[in-house]
Structure formats: structure tokens, C-alpha cells
Amino acid sequence: MLNNYELQKTWHKLTMIRELNEGINLNKGMRLTDNNFAILCLIAHHPAITINGISKHPYFRDLSLSTVKRHVTTLLDEALVVATIGDDKRERTLTVVEK
């Protein structure tokens, strides 16, 4: 059953998220897509997560590994995220660049 109060709280959170996303200045004057922004938020929530870790997260179950890689590449190109070589030389851990 739909709860009116919960829907109102959700609307408030959605508008806050949109304002936060619109406040991010990208090099080309565009804004992040919803998936780019969600991945950025996940990286902030789980510092040192890998692309593989993102793709295995239940929130992104509908995205392929290559799509996640493409979104992460956008975040790297925009200097919102940095990749660091982990213990396994093949994997890169991701962290958000604080500005």
C-alpha cells in the first residue's frame, strides 16, 4: 500500500539529489547522467571499490560490466574520481576527488 508520507519524503530526497547533481560542473558544461551520479555516490560511500565491485552491487544489476566501465571512464575523465593500483596489479580501486 502506498504511504503518502513516505512518498512525500522520497520526493524531498529526489529533489535534493537533483540539486546536488546539477551543482557538479563538468568540463563540457553538461551534467552527469543518473547512472554516472549513482556510481559516483556509491564510490563515495564505499571508498576503494573496484569497477567489478560496482557491477556486482544489487543497485546496478541491470548494467553490464562494460556499461559500468564506460560510466567510470566518464567520472575519471571529468576528474571526479581517481583510480589507484590495488594489491592485485590488474585491479584499480576508485575514490572520489574532493574539491
Side-chain angles (χ1 to χ4, degrees):
M1 179 119 196
L2 293 177
N3 179 323
N4 194 42
Y5 175 71
E6 290 297 322
L7 290 171
Q8 289 174 0
K9 281 183 13 181
T10 302
W11 176 252
H12 178 70
K13 290 176 184 178
L14 285 171
T15 56
M16 286 176 39
I17 290 167
R18 169 135 324 150
E19 287 177 26
L20 181 60
N21 187 2
E22 289 175 352
I24 298 173
N25 296 319
L26 301 181
N27 295 330
K28 298 175 185 171
M30 301 172 69
R31 78 178 188 97
L32 293 174
T33 66
D34 291 340
N35 282 333
N36 283 342
F37 187 70
I39 288 172
L40 178 64
C41 291
L42 178 63
I43 294 168
H45 191 263
H46 293 287
I49 194 168
T50 63
I51 290 174
N52 206 17
I54 295 168
S55 68
K56 289 180 180 178
H57 193 280
Y59 186 86
F60 300 106
R61 69 181 169 270
D62 296 335
L63 297 180
S64 67
L65 179 61
S66 62
T67 301
V68 171
K69 286 180 183 178
R70 192 169 51 249
H71 288 302
V72 169
T73 298
T74 299
L75 297 174
L76 289 166
D77 291 345
E78 293 291 338
L80 297 171
V81 170
V82 294
T84 308
I85 297 174
D87 295 334
D88 180 349
K89 302 289 185 215
R90 296 170 293 173
E91 86 179 1
R92 306 286 188 265
T93 58
L94 303 167
T95 53
V96 172
V97 175
E98 295 195 32
K99 296 180 180 182

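Heavy-atom basis, side chains included; hydrogens, waters and symmetry copies ignored.
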Residues pairing under salt bridge (charged side-chain N to carboxylate O under 4.0 Å, His left out) where one sits in residues 4-22, two or more places apart or in two chains, turn out to be Glu6-Lys9

To the nearest 0.5 Å, atom CG of Leu94 lies from atom CD1 of Ile54 at 5.0 Å

Rounding to 0.5 Å, atoms CG (Asn52) and CZ (Arg92) come to a distance of 14.0 Å

Using a 4.5 Å side-chain heavy-atom cut-off and chaining through intermediate ILVMFWY residues, the residues clustered with Val82 come out as Val97

Keeping the roles fixed (side chain from Asn21, backbone from Arg31), state whether a donor-acceptor pair exists under 3.5 Å.
no

Contacts satisfying side chain to side chain donor-acceptor pair (under 3.5 Å) that involve residues 42-51 (not counting sequence neighbours) are none

Residues passing the salt bridge (Lys or Arg N to Asp or Glu O under 4.0 Å) test with Arg90, sequence neighbours excluded, are Asp88

If you look only at distance, which donor and acceptor atoms sit under 3.5 Å apart when one is on a side chain in residues 64-81 and the other is two or more places apart or in another chain?
unit_1	atom_1	unit_2	atom_2	d
Ser64	OG	Ser66	OG	3.1
Ser64	OG	Thr67	N	3.2
Ser64	OG	Thr67	OG1	2.9
Thr67	OG1	Arg70	NH2	3.4
His71	ND1	Asn36	OD1	2.4
Thr73	OG1	Lys69	O	2.8
Thr74	OG1	Arg70	O	3.2
Glu78	OE1	Asn27	N	2.7
Glu78	OE1	Asn27	ND2	3.3

Rounding to 0.5 Å, atoms CG (Leu40) and CG (Leu32) come to a distance of 6.5 Å

Query raised in the report: Can you check whether Thr84's main-chain N or O pairs, donor with acceptor, with Thr93's side chain at less than 3.5 Å?
Result: yes

Those residues at least two apart in sequence (or on a different chain) that pass side-chain contact (heavy atoms from CB on, under 4.5 Å) with Leu7 are Leu2

Interatomic distance, CG@Leu42 vs CZ@Phe60, rounded to 0.5 Å, equals 5.5 Å

One should read off an interatomic distance between Thr10 OG1 and Ile17 CD1, to the nearest 0.5 angstrom, of 9.5 Å

